[in-house]
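Taking it in order: structure first as structure tokens, then the write-up.
Scope of the values below: all heavy atoms of this structure, side chains included, with no hydrogens, waters or symmetry mates.
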Amino acid sequence: FTGFSVAEAKKGDTSRTGAIDEYYNVYLRPCTSDMIAKTEVRIVPTVARQITTSIDGGVVSKISSSHWGPAGGDCHVRVKVAAEDDGLQEGDHYLTLKHLVTDTSGHDIALGDGSPILASNILVRIYDYDTAGVMIRSTGGVTATMEYTGFMGAQYYTDTYMVRLTSPPSGTVTVTAWSKEVEMWL
């Protein structure tokens with residue numbers, strides 16, 4: 001599973017105040033002149049008009065030869081994903097970014113055994129600006145700590161996570177977090 005979360009900004013807010021955008025990398029291997037010239041990766045969201053993908057500030061739906069860089073280089077592209085507020089009260093929702101690898105004619109690029117080159121899909125969670133909600137994001141994708149024994153440094157006994165509202169509240173909001181001891185026997 002590969003995935004991440006993004007958050008909508010208020011519709012019409014060009015400064016994107018409160019939005020949370022994410023980035024991911026697409027790598028081309030082998031990084032040869034021939035592969036750079038003939039390989040395209042189409043980015044296809046499973047739900048329309050929910051996100052935009054961009055490279056170096058330009059909105060794109062396809063990675064082509066101009067994005068990969070020179071042969072023998074790193075041949076990777078950093079893609080930005082931003083949620084678009086559609087004004088609909090959907091609550092938190094998901095979509096998948098599919099990646100279709102083709103040549104410049106739109107045909108599959110075949111491996112030596114005849115099978116097509118495939119690329120991973122990415123699951124995107126979208127926090128909806130139009131409904132009240134609480135967003136909780138773990139650092140590094142997981143929140144984990146250990147019981148304090150004094151054996152190792154303090155950094156192993158704490159972790160952090162981010163908590164925020166998905167949209168401005170109309171009144172007082174209280175968010176309560178608690179921990180429950182869990183025993184595990186092996």
Side-chain angles (χ1 to χ4, degrees), residues 1-86 90 92-111 115-129 135-144 159-164 166-167:
F1 161 77
T2 302
F4 50 77
S5 300
V6 293
E8 297 175 349
K10 182 178 180 181
K11 191 168 187 75
D13 181 358
T14 56
S15 68
R16 297 195 45 80
T17 304
I20 295 178
D21 302 330
E22 285 287 349
Y23 296 84
Y24 68 96
N25 293 317
V26 178
Y27 292 87
L28 178 64
R29 300 290 184 262
C31 184
T32 63
S33 297
D34 186 46
M35 285 296 286
I36 291 169
K38 72 177 187 179
T39 305
E40 293 182 342
V41 179
R42 285 185 31 235
I43 304 169
V44 183
T46 55
V47 181
R49 295 180 300 281
Q50 296 288 310
I51 56 104
T52 57
T53 52
S54 59
I55 300 170
D56 296 328
V59 174
V60 297
S61 60
K62 176 175 63 176
I63 302 169
S64 58
S65 60
S66 64
H67 298 112
W68 294 119
D74 194 19
C75 282
H76 90 277
V77 175
R78 184 171 161 93
V79 179
K80 178 182 176 181
V81 178
E84 295 299 322
D85 184 14
D86 54 13
E90 303 159 294
D92 299 350
H93 50 289
Y94 296 82
L95 63 78
T96 300
L97 291 178
K98 295 182 177 187
H99 297 85
L100 307 175
V101 182
T102 65
D103 63 20
T104 54
S105 299
H107 299 100
D108 287 341
I109 298 174
L111 298 171
S115 62
I117 293 178
L118 301 175
S120 297
N121 295 328
I122 297 177
L123 181 65
V124 180
R125 178 181 187 170
I126 301 171
Y127 288 101
D128 191 4
Y129 183 88
M135 215 170 117
I136 301 174
R137 291 181 51 163
S138 299
T139 55
V142 67
T143 297
D159 198 354
T160 60
Y161 55 93
M162 182 270 300
V163 178
R164 75 159 240 212
T166 57
S167 59

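- Annotation for Trp68 and Ile36: closest pair CD1-O, 3.9 Å, computed over non-hydrogen atoms.
- Identified under the salt bridge (Lys or Arg N to Asp or Glu O under 4.0 Å) test for residues 49-78, with sequence neighbours left out: Arg29-Asp74, Glu40-Lys62.
- Closest heavy-atom contact between Tyr129 and Thr166: CD1-O, 3.6 Å.
- Summarising the geometry of Ala71 relative to Thr32, their closest heavy-atom pair is CB-C, 3.9 Å, with the distance given to 0.1 Å.
- The side-chain heavy atoms of Val124 and Gln50, taken from C-beta on, include no pair separated by under 4.5 Å.
- Not one N or O on the side chain of Ser115 forms a donor-acceptor pair closer than 3.5 Å with the backbone of Leu111.
- Legend: residues meeting salt bridge (charged side-chain N to carboxylate O under 4.0 Å, His left out) with Lys38, ordered by chain and number and at least two apart, are Asp34.
- Residues Ala83 and Ile126 approach most closely at CB-CG2, 3.9 Å, considering heavy atoms.
- In this structure, CD1 on Ile109 lies 11.5 Å from NE2 on His107, to the nearest 0.5 angstrom.
- Between the OH atom in Tyr23 and the CD1 atom in Ile55 there is a gap of 12.0 Å [rounded to 0.5 Å].
- Side-chain atoms of Thr96 never come within 3.5 Å of backbone atoms of Thr46 as a donor-acceptor pair (strictly under, hydrogens ignored).
- The two residues Ala37 and Thr104 come nearest to each other via the heavy atoms O-CG2, 3.5 Å.
- Minimum heavy-atom separation, Arg164 to Ala7: NH2-CB, 4.1 Å.
- A heavy-atom distance below 4.5 Å is found between the side chains of His67 and Val60.
- The distance from the CG atom of Asp85 to the OG atom of Ser167 is 10.0 Å, given to the nearest 0.5 Å.
- Exactly one of Thr53, Val41, Asn25, Ile122 qualifies for a side chain to side chain contact (heavy atoms under 4.5 Å, CB included) with Val79. That residue is Thr53.
- Exactly one of Asn121, Ile51, Leu123 qualifies for a side chain to side chain contact (heavy atoms under 4.5 Å, CB included) with Leu97. That residue is Ile51.
- With sequence neighbours left out, the salt bridge (charged side-chain N to carboxylate O under 4.0 Å, His left out) criterion links Asp92 to Arg125.
- Put simply, CG on Asp128 and CG on Asp86 are 6.5 Å apart, with the number rounded to the nearest 0.5 Å.
- Residue pairs satisfying the salt bridge (Lys or Arg N to Asp or Glu O under 4.0 Å) criterion with at least one member in residues 99-110, sequence neighbours excluded, are absent.
- Every residue two or more places apart in sequence or in another chain was checked for a ring pair (Phe, Tyr, Trp, His ring centres under 6.0 Å) with Tyr94, and none qualifies.
- Looking at residues two or more places apart in sequence or on another chain, you find a ring pair (Phe, Tyr, Trp, His ring centres under 6.0 Å) between His99 and Tyr24.
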